[in-house]
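Protein chains get the first letters and strands the later ones, always in sequence-line order, with residue 1 at the start of each.
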Number of protein chains: 2
Amino acid sequence: MSVGSDTETVGAAIPPPNVFSSACASRETLQHLTGRWGTLTLAALLLAEAPLRFGEIRRRIDGISDRMLSQTLNQLERDGFVERHVLSNIPPHVEYALTTLGRRIAEPLLALIGLVEGELPSVLAARAAYDRRDG
Amino acid sequence: MSVGSDTETVGAAIPPPNVFSSACASRETLQHLTGRWGTLTLAALLLAEAPLRFGEIRRRIDGISDRMLSQTLNQLERDGFVERHVLSNIPPHVEYALTTLGRRIAEPLLALIGLVEGELPSVLAARAAYDRRDG
DNA sequence: CAGCATCCTTATCGATACTG
DNA sequence: CAGTATCGATAAGGATGCTG
């Protein structure tokens, strides 16, 4: 494993990606994933277990607008988490699917969602207790 | 356990928490967790494996301001993910720690961070390919 | 149906100053 | 040290109208 020689052969070591550094590209990527609509979009695609059309995604994510869904899908596609397939132009028919990487990324997000939904009673109880203490 | 009689005794079934519904409190909770600073704050506390002081958290999360850290910690405490312990008032000494629930929530978030950092080269390659296709 | 352009409102955020 | 309050800048988001 060439232990010990790495530091000699490498001229200047590049720092590993670190989300805690504001300049690191991984911070920006994390933002895209955990932004307001990114998590829900990926989760919707993972739960569907099949490609979804634009309108189908929009209907599954209550409250999202055309504009934000379009923007979110563009970001996710650019980062390599989502694939866009044009099946027809007239009438327009476009399908979106998770890439392999997208699926791996969506999994912990779906786990988080399950936890949040399952523990919502605890959260609401904690809020009530907090609000009772101070106003 | 009165199996089978539940549907009779309950008048109107309450819908289960669903983040895809904009009105559900779980949507708001998810927002607190996946907001700009929530994920990083929880991850910092989980990685530390020990309570951290306000200033320690701020130094670990590059780019966060006093204001946003304070706001984020308040939200996370109210939702029951973080505990705040005042050890002294003069000079002020306050420690923040994950609750049991907070730790469970932070785990998938840390997994996500690891994935994002590890797969950053793939993401950057995907971006380059995307930008080459159109401008 | 898919989705961009424009306009405008709202929420978020950062800087600064201040307090126990 | 650990915050809070206020303010101004900026970015995110929603509504609408339009196009292939």
Enumerate the residue pairs fulfilling salt bridge (Lys or Arg N to Asp or Glu O under 4.0 Å) with a member in [range], sequence neighbours excluded, ordered by first and then second residue.
{"range": "residues 40-60 of chain A", "value": "Arg58(A)-Asp66(A)"}
{"range": "residues 72-84 of chain B", "value": "Arg127(A)-Asp79(B), Asp131(A)-Arg78(B), Arg133(A)-Glu77(B)"}
{"range": "residues 100-122 of chain B", "value": "Arg104(A)-Glu119(B), Glu119(A)-Arg104(B)"}

Residues in side-chain contact (heavy atoms from CB on, under 4.5 Å) with [X], at least two apart?
{"X": "Pro51(A)", "answer": "Glu95(A), Ala97(A)"}
{"X": "Ala111(B)", "answer": "Pro108(A)"}
{"X": "Ala126(A)", "answer": "none"}

* Asked: Judged by atom type as modelled, is there a donor-acceptor pair below 3.5 Å linking the side chain of Thr39(B) to the main-chain atoms of Leu33(B)?
  ->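 Judged by distance alone, yes, a pair lies under 3.5 Å.
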
* Asked: Thr99(A) side chain to Gly80(A) main-chain N or O, any donor-acceptor pair under 3.5 Å?
  ->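 The answer is yes, because a donor-acceptor pair under 3.5 Å joins these two groups.
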
* Asked: In degrees, rounded to 10°, what is the bend between the two ends of the helix from dC1(C)-dG20(D) to dG20(C)-dC1(D), using five pairs at each?
  ->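 Terminal axis comparison yields 50°.
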
* Asked: Run the side chain to side chain contact (heavy atoms under 4.5 Å, CB included) check on Leu73(A) and Leu69(A) step by step: do they pass?
  -> CA-CA 6 Å; Leu73(A) 285 170; Leu69(A) 178 55; 3.8 Å; yes

* Which of residues 56-94 of chain B have a heavy atom under 4.0 Å from DNA chain C? ->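 Result for residues 56-94 of chain B: Ser65(B), Arg67(B), Met68(B), Pro92(B), sorted by number.
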
* When you measure from every atom of DNA chain D, which of residues 29-55 of chain A have a heavy atom less than 4.0 Å away? ->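 Contacting residues: Arg36(A).
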
* **Criterion side chain to side chain contact (heavy atoms under 4.5 Å, CB included) against Leu112(B), the qualifying member of Val19(A), Leu112(A), Ile105(A)** =>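 Result: among Val19(A), Leu112(A), Ile105(A), Ile105(A) is the only option passing the side chain to side chain contact (heavy atoms under 4.5 Å, CB included) with Leu112(B).
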
* **Heavy atoms of other groups near Leu87(A) CG, more than 12 under 6.0 Å** =>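 Yes - once you tally the heavy atoms of other residues, nucleotides and ligands closer than 6.0 Å, there are more than 12.
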
* Earliest and latest nucleotide of DNA chain C, 5' to 3', sitting under 4.0 Å from a non-hydrogen atom of chain B? ->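 With heavy atoms of chain B under 4.0 Å away, the range is dC13(C) to dG20(C).
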
* **Residue pairs involving residues 17-27 of chain B (criterion side chain to side chain donor-acceptor pair (under 3.5 Å); sequence neighbours excluded)** =>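 Qualifying pairs: Asp62(A)-Ser22(B).
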
